[in-house]
Every structure is written in structure tokens, then in C-alpha cells.
Amino acid sequence: MKRLVFETEHEQLRATARDFIEREIKPYADAWEREGQVDREVYKKGGEVGLIGFNIPEEYGGGGVDDFRFNAVIVEELTKFGSASPSFSLQNDIVAPYLVSLGTDEQKQRWLPGFASGEIIGAIAMSEPGAGSDLSGIKTSAKRDGDDWVLNGSKTFISAGINSDLVIVVCRTDPDPAAKHKAFSLLVVERDMPGFERGRKLDKMGQKAQDTAELHFTDVRVPAANLLGTENRGFYHLMQNLPSERLSIAIGAIAGARAIYEETLQYAKDRKAFGQPIGSFQANRFTIAEMSTELDIAEQFVDRCLAGVVAGELTAVDAAKAKWWCTELGKKVIDNCLQLHGGYGYMNEYAVARAYVDVRIQTIFGGTTEIMKDLIGRDLGF
């Protein structure tokens, strides 16, 4: 089914992304997986060809194009390749919107040119050892002391935690328990600030090349000029940006599942058992037909949400629907594909084996499936 949401310029970027993957990612992917992180030089190369920073205003060195369909193209192509790739989506879909929409003129001048060029890598630190989906449980705190905020606490499961130069830290700036969601602010912590330490590079089940880490803050003096957005409005800033982040995850889930499905479709035609292709057995044929149908339907909803972003109409509820449905479907499709591969599907030399462990996090990060359903249910009046 032809996708109508993309136009010529989006497909041109897709061609650029595919070429970049072949030249700058594929030859190094295995080494990055072994090392547990990608080479940060690939971010600079991504900036050179416009795969990073296209949504940053031209006056700060970016492309000046605020069209989430470009974000979607990059997410799709990197996810199709696999997890041994740089987290350009973290930069474009999550960090950049915070800096662009909330940054002061001085902050933008200071950070955005390097961000657009790929020389500055960003991260966002929400999760803590005792606070994941329940952001109101965040303990990391900052107290004002003259021209600084003094930051203390720890974060975990932070994507780009090792490579990052800027970390947007969600912290409690109002100690009053009655403040509830009005207690949080966003502070930008920069590399090498005294008291800022990176803990373990976490040993994950999948997505090995993504440098996920613990971060620790001990009396880190963060200049007041590094407050991002409005004091004690951090939770509301997060809520404004989470829908596009969740849509990005949904886009990647379907693109990744489709790539594995297409490989499996060919495998089911080529692999023979009892003298005939395994796909010709009715049970397998039905499974393949179901996957084809479900992927097409999910893709259409994703494209509708993409059109909603462009029109400024995407709601948090629609993004939640896309996020939970597409990630659960992606998990189901890849599980089916592994089963169709039989014993070969369990071998890491096959993409389906690697995808099986990589995909598992998608129903967790960005808001768990259960949280998405709760958000939807509340919107329905329950």
C-alpha cells in the first residue's frame, strides 16, 4: 500500500540516510556492539549530511525545517538497519525540541550550533533507581544558591549517557510535598561540571551499541543560566514533548518489524520442509498473512498521526495509542518471524535473533504499555 504522507523531499532524505548507513554505520556496527557504544565521530558525519539538526533554526546552524516527517524518515531507516546505529532520533526527536522551544537566546547561541553540527551530543535524564513511569517520584533535587543551582541525585537508564555533552536533568526544585507536579524543573548539566559523574555503562539484554548509563550528581553547581524553560514548570514541559517522542517510538517499532517481516517472507519462500516452502503450509501462511495485514493497518495509523503532527493536531492520547499498539505489534511480529525461522532464528548471525532482544525495550521506554492504556482510559472518562 502506497504511503501518501511523504513527499519528494522526504524520499530524498531517505536516500541520503540509506547511503549514510551503508558508508558510515554498516562497516562499524559489529565493533560498536562489542564496545557498547557508537563512535561519537558518526554524529559529526551525520550533522554534515543533514541527518542531525535539520529541525534547528538556520540562524543557529541548522536546516530550519520543522517537519516531523523528516524525523520519521531517519527513524525508519536507522531502525530498519538495526540497533547498532547512533541515536539520531534522541537528538532530533527528543533533545532538540526542548532546546529550541524552551531555550533562551543566549542558550541557543551557546548550544545549538554545536548540536546541529553533531559536535555536541545531548541526553535527557528522567528515570531514577526508584522512579520510572511515575515521574512524581523523582528524588533528584536542586537548591538555589546565589547564581547557581546545587544539584544532587542519581539517574539511570539514560540513553547516550556516556557520549552526551549536555544532559537535560529533571529535578525537584520545590521541596514542598504539596507542590506535586509543580515541583520540577529542567536543568542542563554540561560535561565536566565538578560533581557530575557517569556511572556504569549498563549491560543490557539488547541494543548493545546504545550507550545506556547511570549518572550521578553530587553538589553539582549548575549556573542559573542553565535553567531550561520556567522554574517549577518542568513536568509541563515534559508533557508537551512526550507525544512526539512516543510517536517516534511507534514509527521505529513498525519500521523495524516490517524489515524483519520482509526478510522472513523471503525466507519462508526459500526454506523448504517436507519438499515444499515452509510458507506454503496453511498455519504458516495464515501467520504471514496476519503480519502483513497488521503491519499495513498500523502503518496507516502512524501516518495519520504524522499528518496530525504536521497540522499541529496530534494529541497525547493519539500518540499513546500509536505507541502501545505499534510496540506491542512489533514485539509480536518479530516473535512470529523468529518462530518461522526455526533454529536459525536463534542464531545471532540472523537479523531476527538480534531484533528479538532489541525490540523488547520498546514497550517500556517512553512510557510503558500499561501507562499508555491508563492515559487513554482516563481520557475516556474513567
Side-chain angles (χ1 to χ4, degrees), residues 1 18 21 25-26 29-34 36 75-85 87 89 157 159 202-210 212 248-299 301-302 322-366 368-370 372:
M1 185 178 294
R18 288 176 176 173
I21 289 167
I25 297 177
K26 190 174 182 178
D30 289 343
W32 292 344
E33 288 236 318
R34 290 193 299 271
V75 169
E76 288 181 347
E77 293 309 312
L78 288 176
T79 309
K80 287 176 186 175
F81 173 74
S83 68
S85 55
S87 54
S89 61
F157 309 139
S159 299
L202 299 172
D203 183 13
K204 305 185 300 297
M205 180 173 79
Q207 302 206 3
K208 296 286 189 178
Q210 306 302 320
T212 308
S248 175
I249 295 169
I251 291 166
I254 294 305
R258 182 173 288 283
I260 297 300
Y261 161 77
E262 289 174 354
E263 286 191 15
T264 304
L265 178 62
Q266 188 59 51
Y267 180 87
K269 293 177 179 179
D270 296 339
R271 174 73 170 170
K272 289 182 171 57
F274 304 102
Q276 63 187 89
I278 63 170
S280 65
F281 293 99
Q282 187 182 63
N284 293 343
R285 191 165 67 242
F286 281 10
T287 297
I288 294 167
E290 289 170 6
M291 291 192 291
S292 176
T293 304
E294 290 172 329
L295 286 170
D296 280 351
I297 291 170
E299 197 171 71
F301 185 71
V302 161
K323 199 275 179 186
W324 89 257
W325 180 263
C326 292
T327 56
E328 292 289 348
L329 177 61
K331 190 171 65 173
K332 172 186 169 183
V333 165
I334 290 172
D335 184 52
N336 284 339
C337 288
L338 191 148
Q339 187 70 20
L340 286 165
H341 274 78
Y344 289 106
Y346 206 66
M347 301 297 110
N348 279 326
E349 64 187 276
Y350 282 78
V352 67
R354 300 189 299 274
Y356 183 77
V357 291
D358 288 342
V359 75
R360 189 59 187 85
I361 189 60
Q362 291 181 341
T363 60
I364 298 173
F365 65 17
T368 64
T369 292
E370 293 75 18
M372 296 302 97

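E294 and K332 are joined by a salt bridge, as a carboxylate oxygen and a charged side-chain nitrogen come within less than 4.0 angstrom of each other.
Closest non-hydrogen pair, L295 versus A257, comes out as CD2-CB, 4.0 Å. In this structure, N348 and R354 approach most closely via the heavy-atom pair O-NH1, 2.5 Å. Here the closest non-hydrogen pair linking I361 and Q207 is CG2-NE2, 3.5 Å. For A353 against G345, the heavy-atom pair with the smallest separation is CB-O, 3.1 Å. Minimum heavy-atom separation, W32 to A84: CE3-O, 3.8 Å. Residues P277 and A268 come closest through the heavy atom pair CB-O, 3.5 Å.
Here the CD atom belonging to E76 is positioned 12.0 Å from the OG atom belonging to S89, to the nearest 0.5 angstrom. Taking CG of L78 as the start and CD1 of I21 as the end, the distance is 4.5 Å to the nearest 0.5 Å. The distance from the CZ atom of R285 to the CD1 atom of I278 is 13.0 Å, given to the nearest 0.5 Å. Rounding to the nearest 0.5 angstrom, the gap separating the CD1 atom in I288 from the OG1 atom in T293 is 11.5 Å. The distance from the CD1 atom of I260 to the OG1 atom of T79 is 11.0 Å, given to the nearest 0.5 Å. Note that CD of Q276 and CZ of R271 are 13.5 Å apart. Values are rounded to the nearest 0.5 Å.
Counting heavy atoms from C-beta outward, T363 and W324 have side chains that stay 4.5 Å or more apart. Looking at V333 and C337, their side chains come closer than 4.5 Å, going by heavy atoms from C-beta outward. No side-chain heavy atom of F365 sits under 4.5 Å from any side-chain heavy atom of F157. Q282 has its side chain within reach of F286: a pair of non-hydrogen atoms, C-beta onward, lies under 4.5 Å apart. At least one side-chain heavy atom of C326 sits under 4.5 Å from a side-chain heavy atom of V302. Between L340 and M291 there is a side-chain heavy-atom pair separated by less than 4.5 Å. Using a 4.5 Å heavy-atom cutoff, the side chains of V352 and Y344 are not in contact.
Around the CZ atom of F281, the shell of radius 6.0 Å holds more than 12 heavy atoms that belong to other residues, nucleotides or ligands. Remark: Q339 CD is loosely packed, at most 12 non-hydrogen atoms of other residues, nucleotides or ligands lying under 6.0 Å away. The neighbour count for W325 CH2, taken as heavy atoms of other residues, nucleotides or ligands under 6.0 Å away, does not exceed 12. Around OH of Y356, the count of heavy atoms belonging to other residues, nucleotides or ligands within 6.0 Å does not exceed 12. Summarising the local packing, CZ of F81 is surrounded by more than 12 heavy atoms from other residues, nucleotides or ligands at distances under 6.0 Å.
Between H341 and Y267, the angle of the ring planes stays under 30°, which puts this pair in the parallel group of the 30/60° scheme.
Of the possible polar contacts, one joining the K208 side chain to the K204 backbone as a donor-acceptor pair under 3.5 Å is found. Judged purely by atom type and a 3.5 angstrom limit, Q210 uses its side chain to pair as donor or acceptor with the backbone of S83.
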